[in-house]
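Below, each value reflects all heavy atoms present in this structure, side chains not excepted, and no hydrogens, waters or symmetry copies. Position 1 is the first residue of the sequence; numbering continues from there. One-based numbering, in listed order, for ligands and for the atoms of each.
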Amino acid sequence: MTADTHTRDSVEGANLSDRPSPTTHPGIAEFVAETAALTKPERVQWVTGSPEEWTELTDALVATGTFTRLNPALKPNSFYAASDPIDVARVEDRTYICSVDEKDCGPTNNWMDPQEMKTLMRGLYDGCMRGRTMYVVPFVMGHLEAEKPMFGVEITDSAYVVVSMLVMARSGTHVLKRIEELEAAGESPQWVPALHSVGMPLEPGQADVAWPCNETKYIVQFPEERAIWSFGSGYGGNALLGKKCYALRIASVMARDEGWLAEHMLILKLTSPQGVVKFIAAAFPSACGKTNLAMLRPTIPGWKVETLGDDIAWMRVGEDGRLWAVNPEYGFFGVAPGTNQKTNPNAMDTIDKGNSVFTNVALTEDGDIWWEGLENTPAKATSWKGEPWTPDSEELSSHPNSRYCTPIKQCDILAAEYDDPRGVPIDAILFGGRRRTTVPLVFEARDWTHGTFLGATLSSETTAAAVGQVGVVRRDPMAMLPFIGYNAGHYFNHWITVGKENDAAKLPKIFYVNWFRRDEDGGFLWPGFGENSRVLKWVVERMEGQADAVETPIGYVPTVDSLDVEGLDMTRDAVEAALAVDAEEWQAELPQIQEWFEKFGDDLPAVLWTELDGLRARLDVPSGG
Ligand SMILES: Nc1nc2c(ncn2[C@@H]2O[C@H](COP(=O)(O)OP(=O)(O)OP(=O)(O)O)[C@@H](O)[C@H]2O)c(=O)[nH]1
Ligand SMILES: O=C([O-])CC(=O)C(=O)O
Ligand SMILES: [Mn+2]
């Protein structure tokens with residue numbers, strides 16, 4: 001790499017404040033100078049976002065062994081990376097909401113006093129970038145032309161993180177210029193300082209490893225300051241700080257204060273054969289099907305899905321009283337295993353265009369990638385652990401939470417509205433979880449408050465997206481359990497308030513789905529993926545007043561005949577089983593919901609207790625039972 005004095009400052013022996021700052025923004029200059037003084041990197045590099053810089057960064061990552069360049073004929077400008085096996089997923093037990101008052105953190109988050117946390121983390125950060133480059137990544141979540149752009153500056157000592165940020169968020173000099181312009185115009189643009197280190201300084205002469213990280217990890221949000229400090233992990237959700245840390249945890253706090261919603265939701269555009277257009281947002285927990293639904297290829301004739309986002313939605317009530325959503329991201333960070341030409345052809349086409357990073361998948365002998373569920377199983381490959389792998393191997397070739405990181409603009413079915421800073425007006429919100437039993441394929445909430453109750457009590461089996469046991473049913477409210485940046489009781493109240501303060505007729509209708517119900521043999525009752533278009537069709541027809549439903553204790557469930565199953569290899573009994581509402585199974589949920597709600601004490605909105613009482617009564621259970 002060549003020394004470029006414009007983008008790189010040596011801080012060894014020099015005081016950063018001696019030299020002209022690469023930014024006219026005093027706050028950002030100070031953040032960079034203070035961080036450099038604390039972390040003591042060998043050099044500082046301002047990330048521009050230019051193609052030359054991408055080449056330089058990826059070449060360097062190949063040289064250090066972090067990246068393996070994939071076969072350009074198969075995956076142009078794309079790279080394979082394997083993490084340290086101790087750094088494969090989000091670390092929820094190491095994630096903190098350091099609000100000034102512990103009560104504001106609530107019972108679902110980890111808390112530590114912010115000053116105590118800062119003292120502890122300053123100790124970890126002291127000298128932590130020794131021997132490394134400190135990169136400064138100016139970025140914006142959402143549109144640069146938004147009325148109030150949501151800026152951030154991520155400082156990181158990981159080139160892997162920089163390359164991933166360049167894919168996942170609008171990043172680089174053009175963003176910094178915009179911040180400076182707005183600042184010069186006296187508009188005090190809002191920006192979130194986000195500090196990241198892999199936590200592995202290099203002493204002189206010490207060789208680097210392919211995936212530097214630290215056994216000690218902290219993923220910390222300071223909600224009042226709107227600041228993020230992350231240490232010890234290079235994994236996406238822990239290290240690409242624009243994503244979960246900013247666009248969900250910090251943004252949810254901003255949203256509470258400013259009256260909007262920051263949610264773990266996909267956004268899709270659905271067009272019926274008659275040309276009726278609906279925008280749908282859906283919240284499913286991590287690794288529970290958002291990416292797949294967002295890019296769905298309908299199996300029913302004449303229906304069309306276009307994608308706006310696969311993970312995060314920021315939604316505001318517009319002047320017209322409707323809920324308008326934007327996707328703040330610029331790429332997809334998708335679960336690899338299970339993705340193939342049948343389940344998600346649009347994702348396959350997106351990654352085949354290249355310019356992507358694949359982490360913890362298998363590497364094939366022809367320089368391509370492979371994972372469980374992909375077509376053309378290779379006779380031989382190298383597993384994510386770097387070991388020889390064959391189809392007979394007992395171990396998986398790819399980590400269950402292996403991911404592809406790919407530009408959203410490469411998606412052939414990206415909706416044109418993606419580029420509109422106003423976003424799209426949402427017609428329906430789907431909540432969904434991964435449940436083997438109890439929850440039917442789809443049902444409709446009675447109203448917004450009941451929909452909020454469904455969201456607040458959403459339950460799902462844990463997945464490999466977070467470190468910990470997989471397959472355990474837990475409450476994951478609005479699929480936001482790991483992402484609510486404040487007291488979840490207050491968050492439920494915020495949802496209730498959005499319903500109260502607006503015209504219910506104009507707000508989205510709320511539905512609940514479960515693609516993961518099983519039969520007695522353990523097989524999925526519903527084929528899922530492209531066939532989920534049948535459920536979307538029912539949702540649209542409900543909104544248009546065209547589809548029948550049965551009123552059940554839990555909400556409105558499709559009649560067997562109202563769900564279009566034409567051409568589907570499913571018996572009537574199987575469809576009935578997928579739609580069944582079993583009173584006993586639901587009665588068993590009641591004490592669990594009761595226990596969940598009790599966690600929040602006085603912070604739980606009283607109307608949610610009323611909703612639980614209503615459900616209990618409809619299930620014919622005496623109150624308190
Ligand atoms: N059985 C079944 N599995 C599905 C369906 N949709 C998705 N999956 C599986 O669910 C897993 C994760 O799906 P994704 O769409 O990547 O999950 P996500 O919600 O985007 O996850 P995050 O990126 O972690 O937030 C994959 O293994 C999919 O194969 C479905 O309709 N039926
Ligand atoms: O955060 C990540 O790394 C990936 C993701 O979308 C999730 O876990 O929900
Ligand atoms: Mn997610």
Side-chain angles (χ1 to χ4, degrees), residues 83 87-92 95 161 164 168 219 230 233-249 263-268 282-297 299 307 309-313 327 329 331-340 342-344 346-347 359-360 371-374 396 398-406 430-436 441-442 460-468 470 476 478-483 513-518 522-536 578:
S83 82
D87 197 22
V88 295
R90 284 182 296 98
V91 281
E92 295 181 0
T95 301
V161 166
S164 305
M168 293 304 298
I219 317 299
S230 166
S233 169
Y235 169 75
N238 301 326
L240 313 180
L241 302 184
K243 193 173 176 58
K244 304 295 173 170
C245 301
Y246 182 167
L248 289 176
R249 299 198 190 97
E263 300 297 332
H264 192 201
M265 291 182 183
L266 67 90
I267 310 168
L268 65 82
F284 312 151
S286 303
C288 290
K290 291 183 299 300
T291 304
N292 280 275
L293 189 69
M295 295 185 202
L296 167 146
R297 186 171 290 178
T299 50
T307 306
D310 80 326
D311 200 49
I312 300 177
N327 168 16
E329 298 195 279
F332 301 126
F333 186 64
V335 176
T339 309
N340 61 45
K342 241 184 105 195
T343 56
N344 195 343
N346 288 310
T359 305
N360 287 343
W371 49 69
E372 275 66 32
L374 193 55
L396 296 173
S398 306
H399 188 276
N401 191 41
S402 52
R403 300 260 169 179
Y404 56 82
C405 174
T406 195
L430 315 185
F431 290 121
R434 188 184 276 270
R435 288 294 304 267
R436 303 178 146 260
L441 178 63
V442 58
S460 196
E461 291 152 22
T462 50
T463 66
V467 171
V470 169
D476 190 342
M478 283 80 173
M480 283 283 283
L481 180 69
F483 310 121
V513 301
N514 178 23
W515 315 140
F516 301 93
R517 202 173 194 180
R518 311 277 186 134
F524 291 111
L525 271 167
W526 180 253
F529 303 102
E531 306 294 1
N532 293 334
S533 53
R534 299 169 187 275
V535 172
L536 296 183

Query raised in the report: What's the verdict on side-chain hydrogen bond (donor to acceptor under 3.5 Å, both in side chains) for R534 and N532, showing C-alpha distance, side-chain angles and the deciding distance?
Result: CA-CA 5 Å; R534 299 169 187 275; N532 293 334; over 6 Å; no
Atoms of ligand 1 less than 4.0 Å from [X] heavy atoms?
| X | answer |
| --- | --- |
| H264 | 25 (O) |
| W515 | 30 (C), 31 (O), 32 (N) |
| P285 | 19 (O) |
| F524 | 1 (N) |
| P337 | 26 (C), 27 (O) |
| R434 | 10 (O), 11 (C) |
| V335 | 16 (O) |

Report task. Using distance alone, determine whether K244 and ligand 2 share an N or O pair under 3.5 Å. Result -> yes
Query raised in the report: Would you say G237 and ligand 2 have an N/O pair spaced under 3.5 Å apart?
Result: yes
Closest protein heavy atom to [atom], given as residue, atom name and distance to 0.1 Å:
| atom | result |
| --- | --- |
| atom 25 (O) of ligand 1 | K290 NZ, 2.8 Å |
| atom 22 (P) of ligand 1 | A287 N, 3.4 Å |
| atom 28 (C) of ligand 1 | N292 ND2, 3.7 Å |
| atom 8 (O) of ligand 2 | R90 NE, 2.8 Å |
| atom 17 (O) of ligand 1 | G289 N, 3.0 Å |

Query raised in the report: Would you say A479 reaches the Mn ion (ligand 3) with an N/O/S atom under 2.8 Å?
Result: no
Query raised in the report: Of the choices W526, F332, W371, F529, which has the non-hydrogen atom that lies closest to atom 29 (O) of ligand 1?
Result: F529
Tell me which part of [X] gets within contact of ligand 1: side chain, backbone, both or neither, using heavy atoms under 4.0 Å.
| X | value |
| --- | --- |
| T339 | neither |
| P527 | neither |
| N532 | side chain |

Report task. Please name the residue in the list D476, I219, L248, V91 that meets the side-chain contact (heavy atoms from CB on, under 4.5 Å) test with P482. Result -> D476
Backbone of [Y] reached by a side-chain donor or acceptor of [X] within 3.5 Å:
| X | Y | value |
| --- | --- | --- |
| W371 | A336 | yes |
| S230 | A239 | no |
| R436 | R518 | no |
| T307 | G309 | no |
| T343 | G338 | yes |
| S398 | S402 | no |
| N514 | V442 | no |
| N340 | G373 | yes |
| N346 | M295 | yes |

If you measure from each heavy atom of [X] to ligand 1, is any distance below 4.0 Å?
| X | answer |
| --- | --- |
| C288 | yes |
| T343 | no |
| A479 | no |
| R403 | yes |

By number and element, which atoms of ligand 2 are closer than 4.0 Å to a non-hydrogen atom of [X]?
| X | answer |
| --- | --- |
| A465 | 8 (O) |
| S286 | 7 (C), 8 (O), 9 (O) |
| D311 | 6 (O) |
| H264 | 9 (O) |
| Y235 | 2 (C), 3 (O), 4 (C) |

Query raised in the report: Would you call E461 and R435 a salt bridge, using N to O less than 4.0 angstrom?
Result: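 Here E461 does not pair with R435 in a salt bridge, since their nearest N and O are not under 4.0 Å apart.
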Query raised in the report: Under the 6.0 Å and 45° cation-pi test, does K244 pair with F483?
Result: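 Yes, a cation-pi geometry holds between K244 and F483.
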Query raised in the report: Does the ring of F516 carry R434 above it, NZ/CZ under 6.0 angstrom from centre and within 45° of its axis?
Result: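 Yes, cation above the ring, under 6.0 Å and within 45°.
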Query - For the Mn ion (ligand 3), the closest N/O/S atom belonging to H264 - result: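 For H264, the N/O/S atom sitting closest to the Mn ion (ligand 3) is NE2.
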Query raised in the report: So which N/O/S atom does D311 have closest to the Mn ion (ligand 3)?
Result: OD1
**Report entry** K244 N/O under 3.5 Å from ligand 1 N/O
**Finding:**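 Between K244 and ligand 1 (N or O atoms, distance only) the closest approach is not under 3.5 Å.
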Query raised in the report: Are a donor atom and an acceptor atom from the side chains of R90 and S286 found within less than 3.5 Å of each other?
Result: yes
Report task. Please assess V88 against N360 for the test side chain to side chain contact (heavy atoms under 4.5 Å, CB included), listing each intermediate value before the final yes or no. Result -> CA-CA 8 Å; V88 295; N360 287 343; 3.7 Å; yes
Report task. Taking the side chain as every heavy atom from C-beta outward, state whether H264 and D311 have any atom pair closer than 4.5 Å. Result ->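 H264 reaches D311 side chain to side chain.
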Query raised in the report: With side chains defined as the heavy atoms from C-beta onward, is the minimum distance between W526 and V535 less than 4.5 Å?
Result: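 Counting from C-beta outward, W526 and V535 do come under 4.5 Å.
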Report task. Mark the output for R403 as yes if a heavy-atom distance to ligand 2 is under 4.0 Å, and as no if none is. Result -> yes
